[in-house]
Engineer: 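Take this structure, written in structure tokens, and hold onto it; I'll ask about it next.
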Amino acid sequence: MKSPLAESDIVHDVLGIGFGPSNLALAIAVEEHNTGSPREERLSACFLERQPRFGWHRGMLIDDATMQVSFLKDLVTLRNPTSDFSFLCFLREQDRLIDFLNQKTLFPLRAEFHQYFEWAADRMGHLVEYGSEVTAVEPVRDEDGRVAFFDVFSRDPGEPGRTIRRRARNISVAMGLEPHVPPGLELSERVWHNSRLIPGVSELTAAGRSVRRAVVLGAGQSAAEAVDYLHRSFPEAEVCAVFAKYGYTPADDSPFANRIFDPDAVDVYFGSPAEVKQSLIDYHRSTNYSVVDMELIEALYATAYREKVAGHERLRFLNVSRIRDVRDRADGPLDIAVEFLPTGEHHVLEADLLVLATGYRPRDLTRLLGESAKLCLRDDGDALRVGRDHRVETAPEVTAGVYLQGGTEHTHGLTSTLLSTTAVRAEEIHRSLLKGRFADAV
Ligand code: FDA
């Protein structure tokens, strides 16, 4: 590898790793602060994103999929309802405000929210470097061993093989989750995680490849969406949903349960002992995990019933079942061995495509942070100790900050990986950054 190139002598107050909605919201919070502050009170921020341009779960931008969070929980409104980075301001700029309102919904299309994110990201373009995957974060020690800065290394988008080094007082890690592939299964040309559903289907269609049978593993929202999407995309194909449950479970989006996503709920959760935290997650798991919007459940059921009436069933639900083995024969279809759990009976489905809608997992920070990870304190269960301000607790010699957005369900609860408190969390981190930088200012 070529020796790293130093960006410049700039020391950023905050360097964001990943530029999804979490760090985008932080960028806007910093920008709005800077706009209203004298030069000496401004924060220098830079964000590094590995994708070549902004993209929010592009592989699942299904045309009719809607958001599962109110548009008022956009990048800014809960922090600053007067911000011109709100979804409503975006709509006004697109000349769609009144058309949107006439729909009488709080839940825009996912594709429309993506447009909104892109619009906001474009306006923050001067703070972001795309095509810049962060590969390492190293502590910078002075002669007394104190760590006041981190050096962040990222791929140079302009020159393959070269890394760029940037220095920062704080890092904000918001790298999102990574697709989970269950043990024993492997991704291939015909076995995809649902995160590449849309490009995968486009490629198949463009190549004129026929799909006679597609199998989807999983029973969550993404699984149900994939089943529906494949059924629509390949009108001749049989689509089989395989899952261990008896039937899909509806997402609990009732008003009292929804309060678990309130900013106040984060306070309550944060201050609770471990067993109360666990019970809150268990009680309210069905707001987010392995659940499906009721409308989609009903639509899938109606489709399956319609096909039954017509005597041509191409939507099948293999419930109480697991995939035990997948043989990927180069010259033939995939052989997918499915076990019906009540009897242990196996049968083999010949399929052209298997979509693993098997969820996402937090990314392993230890590898990326390397030496810096050793400076982060952990609790008895080996989880990172994180303060209410989302700052990781670090060894005493460290004054540089590591902020986490995501991967903090153990400390901040269910909203950690979701959008509900994105704007508020950005404000909390922003305040904490200001406090660290200008101790008396906040
Ligand atoms: P996000 O994953 O969006 O962004 C992380 C970014 O970091 C990515 O752009 C990635 O490329 C980048 N990155 C990773 N590693 C890097 C590295 N080493 N260097 C540089 N960049 C790196 N939640 C909700 O509340 N309501 C909803 O409606 C939905 N809908 C939804 C749909 C689908 C299909 C999925 C998969 C998820 C949701 N979610 C959701 C949950 C989702 O996690 C949430 O919406 C946000 O994506 C979280 O934003 P982040 O910025 O934290 O992560």
Side-chain angles (χ1 to χ4, degrees), residues 15-27 46-62 65-75 106-114 116-118 120-121 128-137 152-155 157 163-164 166 171-180 193-198 220-226 229 251 253 258 260-261 287-289 293 357-365 367-369 390 403-409 412 414-423 425-426 429:
L15 216 149
I17 305 179
F19 199 62
S22 300
N23 266 339
L24 171 55
L26 179 61
C46 172
F47 296 85
L48 301 172
E49 167 57 49
R50 70 175 173 187
Q51 297 185 81
R53 62 198 163 116
F54 183 87
W56 177 67
H57 305 304
R58 281 183 186 273
M60 285 296 285
L61 287 184
I62 296 172
T66 54
M67 295 301 292
Q68 287 163 298
V69 69
S70 159
F71 71 78
L72 291 169
K73 293 183 175 176
D74 61 15
L75 295 164
L106 289 171
F107 305 100
L109 290 170
R110 200 181 283 158
E112 184 170 37
F113 226 60
H114 189 275
Y116 159 63
F117 286 147
E118 274 184 313
V128 198
E129 292 293 337
Y130 290 101
S132 301
E133 180 175 8
V134 173
T135 49
V137 177
V152 176
F153 296 85
S154 61
R155 293 190 204 288
T163 357
I164 298 184
R166 290 177 175 81
I171 56 172
S172 165
V173 183
M175 301 193 305
L177 304 173
E178 65 186 354
H180 171 66
H193 186 268
N194 67 273
S195 50
R196 65 167 292 235
L197 182 70
I198 305 270
Q221 179 70 23
S222 297
E225 286 181 11
Y229 184 70
D253 61 351
N258 216 41
I260 195 71
F261 301 122
T287 52
N288 183 42
Y289 288 115
D293 276 352
T358 42
Y360 297 79
R361 295 282 183 278
R363 291 182 196 276
D364 177 19
L365 289 185
R367 203 159 37 94
L368 184 79
L369 295 186
H390 311 278
Y403 291 85
L404 291 186
Q405 305 203 62
T408 52
E409 202 167 82
H412 291 69
L414 279 166
T415 54
S416 156
T417 57
L418 301 174
L419 295 172
S420 325
T421 52
T422 303
R425 181 174 60 197
I429 294 177

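Order of appearance sets the numbers: ligands from 1, and atoms from 1 within every ligand. Numbers for residues simply follow the sequence, beginning at 1.
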Engineer: Between Leu197, Leu419, Thr422, which one has a non-hydrogen atom sitting closest to atom 24 (C) of ligand 1?
Structural biologist: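 Shortest heavy-atom distance from atom 24 (C) of ligand 1: Leu419.
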
Engineer: Would you say Ser195 contacts ligand 1, with heavy atoms under 4.0 Å as the rule?
Structural biologist: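 Heavy atoms of Ser195 never come under 4.0 Å of ligand 1.
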
Engineer: When you measure from the heavy atoms of Phe113 to every atom of ligand 1, does any distance fall below 4.0 Å?
Structural biologist: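 Phe113 does not count as a contact of ligand 1 under the 4.0 Å cut-off.
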
Engineer: Quick one: salt bridge (Lys or Arg N to Asp or Glu O under 4.0 Å) partners of Arg53, sequence neighbours excluded?
Structural biologist: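 Here no residue qualifies.
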
Engineer: If you have a sec, work out which protein heavy atom is nearest atom 33 (C) of ligand 1 and how many Å separate them, to one decimal?
Structural biologist: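 So the nearest neighbour among protein heavy atoms is His57 CD2, 3.9 Å.
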
Engineer: Which residue and atom name correspond to the protein heavy atom nearest atom 44 (C) of ligand 1, and how close is it?
Structural biologist: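 Answer for atom 44 (C) of ligand 1: Thr417 O, 3.6 Å.
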
Engineer: Going by the atom numbers of ligand 1, which of them fall below 4.0 Å from some non-hydrogen atom of Tyr360?
Structural biologist: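 In order of numbering, the contacting atoms are 36 (C).
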
Engineer: Rounded to the nearest 0.5 Å, how far apart are OG of Ser22 and CG of Leu75?
Structural biologist: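 If we round to the nearest 0.5 Å, Ser22:OG and Leu75:CG are 9.0 Å apart.
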
Engineer: Which residue and non-hydrogen atom of the protein lie closest to atom 7 (O) of ligand 1, and at what distance in Å?
Structural biologist: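 Nearest neighbour among protein heavy atoms for atom 7 (O) of ligand 1, to 0.1 Å: Gly18 CA, 3.2 Å.
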
Engineer: Considering only protein heavy atoms, which is closest to atom 12 (C) of ligand 1, and at what distance to one decimal place?
Structural biologist: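 The closest one turns out to be Glu49 OE1, 3.2 Å.
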
Engineer: Quick one: does Ala174 get within less than 4.0 Å of ligand 1, heavy atoms only?
Structural biologist: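 Per 4.0 Å heavy-atom rule, Ala174 contacts ligand 1.
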
Engineer: Which pairs of donor and acceptor atoms, one on a side chain in residues 54-61, lie under 3.5 Å apart (sequence neighbours left out)?
Structural biologist:
| unit_1 | atom_1 | unit_2 | atom_2 | d |
| --- | --- | --- | --- | --- |
| Arg58 | NH2 | Phe54 | O | 2.6 |
| Arg58 | NH2 | Glu118 | OE2 | 3.2 |

Engineer: Would you mind finding which of Gly20, Ser420, Ser22 brings a heavy atom closest to atom 50 (P) of ligand 1?
Structural biologist: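 Nearest heavy atom to atom 50 (P) of ligand 1 lies in Ser22.
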
Engineer: Does even one non-hydrogen atom of Gly406 get within less than 4.0 Å of ligand 1?
Structural biologist: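 Outside the 4.0 Å threshold, so no.
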
